[in-house]
Amino acid sequence: MKRPIGLAFAAIGIVAVAASSQWLFHWLKPIGGLTAEADLSAHNTYRGIARVVPDNIQRSDVNVEAASWRSQISTMRAAEKPDGLRATIAGLLFSSTALAAENSAEEPSKWTCPMHPHYIADHAGTCPICGMDLVKLETGADKQGAPAGERRASIVIPPETLQTMGVRVAKAEVSSFGRVIRSYGLVAENERLQTEMSARTEAWIEDLIIRAVGDEVEKGDLLFTMYAPEFIVSQRDYLNALKGGSRARMNSVKTRLRAFGMQDQVIEELERTREVMEFVPFYADRDGTIAMIDLRPGSYVERGTMLTRIQDYSQVWLMVSVPEKDLTFIEPGTSARITFPNIPGREIFAKVEYVYPTVDSQTRTGQVRLVFDNVDGQLRPGAYADVAFDVEPQERLAVPSEAILQSGGARYVIASLGDGRFEPRVVTTGITSGRWTEISGEIAADDDIVVSGQFLIDSESALRESFRKLERLQLPLALLKLDDTQFAMIDHMVDAALYLHEALVDGYDAEADFLDPAIAVKSNLWPKFQHTKLAFVLEDAVRALEDGKVAETESELQAALAALVASLEPWMLEGAPGHYAEKKLAIYEDKKSGSKWLQLSGSPLNPYSDDDAQMLPWPAPKAGPADDDVARDTEPADAVPNPMIGHNH
């Protein structure tokens, strides 16, 4: 089984690059029997490891470079002095397998009061508030083994309670829809269903049948009669041509009558009656409504005067103003959903008929035209409409929009697991079209989700999740369960404290980039431990490391080291004191200032001043699961220990 090398492996490479040959030769020269060439060879070996460390500091397997490095250490140990450096190199090993506080025992059952759910007990009994019998607190997350803190707790609800809550379940479906472009439009007359009548000669209006705008007419209805001298003369010429039988003359006079505005049905009536009409009638050529009229009985009209306009409102246009940036997504045939504020509940689906080729220079909008029927006449020109264009349609996993809940910036849905079990699932939402919203995440097609009553379920789930978080915050650091990789990550921060101490004592500049791996530890551990006491350690340590990155003076770097050790102290003294004591690591305190630092046990090397210092004692070891894990995870006797950066003068 491959074993992690540990964070000291990364720290050695980091310090090797940071201090260059100055630090390594200072560390290696006390080794007896090594020549200058051997010194340089060892130095190059560490620099080679440093180049690969950034890719390996979060891995749990041993790579080829690590094996080469361990071989070099074995060679060095064979030639080293027996008076202290051997103990320095081999005595402090921060292997990620040194401690894994795993507790294999099942978590005990919890009991709560139905009337006072904030009361939680470790065993069955009665509620001290109301005296009711306690009920067992069950969570779906416990049954499924999901890590606490990674998802919200699932719950079990009896069938009779589900009926009372009005829970309604639907399935997540794959639907075809696209992004939505919203805009507004105005209803307008369909210009294709419009007829205008103008005077083509000087005349007088005699009989006026239509009198006002809004009069309804049908095709063939008489509108008015007109007297014009040109009509009288042309009618007589046409009758004479009919008598003479000259086809050419008849066509010529007939064209003249049409040019004066006489309709074909009136000309046919003239041919049939062979009598001159003193007052020429004008008929409606379509069904519709009088949209304009400026006539009175006896009115005189000149050539070119607009007489009336008939508009058919059975079909209307919608002129939509679309922002210039969205015009490229809209083309003829694009679907649109139209609603009208003045007609609640009225919804129309139509397609784009035409996209105008120009853009208004002031409003920076283009015009898009839609056509739809208006049989009932409720859509009046000038009315306002809200328009939503559905563009770029494609297959998407979607759920009803009302099924999505929001909490603390996150979005999730309540999944129905069957048998009255429900579990919140985190999702990422995409575009929304109509009543459907695109999602991705912990939901798959055909999964059952709650679309009604989910607020009550979510409240119950959030309440139980809060109880678990409170319990985790109360859990001692020593009882936290960390795997090998997670434990190794925390040791990155311990290595960083040793590195800062070394830089201050030996007088070289600490490289800011070499603190980045330790800073990244928080983001890796945060999802699981954000609701535990370890979160405070991570936050304070990262804050100190960031101060160390920007430190420009010795006093600023000293302050960063003091803050870093102060943040790690609870973990080292409460979380794994036996581990660090076994590796001969010690916490020293400056007697005057009270600032602390980390180094190997022995003569204190005060990085703050020349004042006296004292070593803080490690707590007495306690037998328990964590100690068993440490003993079980330590390296075999024939394995070569991982060296850790230390001090030796």
Side-chain (Glu546) to main-chain (Arg543) donor-acceptor, under 3.5 angstrom: no
Basic-acidic side-chain contact under 4.0 Å: Lys549, Asp516: yes
Stepwise side chain to side chain contact (heavy atoms under 4.5 Å, CB included) test for Gln558 and Leu504: CA-CA 8 Å; Gln558 290 173 344; Leu504 287 169; 3.9 Å; yes
Considering all heavy atoms, the nearest Ile449-Ala403 contact: CD1-CB, 4.0 Å
Thr437 and Thr432: side chain donor to acceptor below 3.5 Å: yes
Lys591 atom NZ, neighbour heavy-atom count above 12 within 6.0 Å: yes
Minimal non-hydrogen separation, Phe529 against Ala535, with atom names: O-CB, 3.3 Å
Exam field: side chain His501 to backbone Leu605, donor-acceptor pair closer than 3.5 Å: yes
Heavy-atom check, side chain of Leu573 versus side chain of Leu616, under 4.5 Å: no
Expected output: side-chain Gln599 to main-chain Leu585 donor-acceptor under 3.5 Å: no
Donor-acceptor pair between Ser609 and Asp611 side chains, under 3.5 angstrom: yes
Nearest heavy atoms of Met493 and Ala541, plus distance in Å: SD-CB, 3.5 Å
Closest non-hydrogen atom pair between Leu534 and Leu477, with its separation: N-CD2, 3.6 Å
Rounded distance [0.5 Å steps], CG in Leu557 versus CG in Asp509: 9.0 Å
Atom pair CG/CH2 of Leu561 and Trp597 - distance to nearest 0.5 Å: 9.5 Å
Approximate separation, where rounding is to 0.5 Å, of Asp495 CG and Ile490 CD1: 12.0 Å
Flag, side chain of Tyr499 to backbone of Glu511, donor-acceptor distance under 3.5 Å: yes
Short side-chain to backbone donor-acceptor contact, Tyr608 and Lys596, under 3.5 Å: yes
Approximate separation, where rounding is to 0.5 Å, of Tyr412 OH and Glu442 CD: 12.5 Å
Under 3.5 Å donor-acceptor, Asp491 side chain and Val494 backbone: no
Any donor-acceptor N/O pair, Asp506 side chain to Tyr508 backbone, under 3.5 Å: no
Gap between atom NZ of Lys528 and atom CD of Gln486 - 0.5 Å precision: 5.0 Å
Closest non-hydrogen atom pair between Ala415 and Arg425, with its separation: CB-CG, 3.7 Å
Under 3.5 Å side-chain donor-acceptor pair for Trp571 and Glu569: no
Pair Arg421 + Glu423: basic N to acidic O under 4.0 Å: no
Pairs meeting criterion salt bridge (Lys or Arg N to Asp or Glu O under 4.0 Å) with involvement of residues 598-609, two or more places apart: none
Distance (rounded to the nearest 0.5 Å) between Leu500 CG and Leu545 CG: 7.0 Å
Sidechain-backbone polar pair: Arg411 side chain, Leu405 backbone, donor-acceptor under 3.5 Å: no
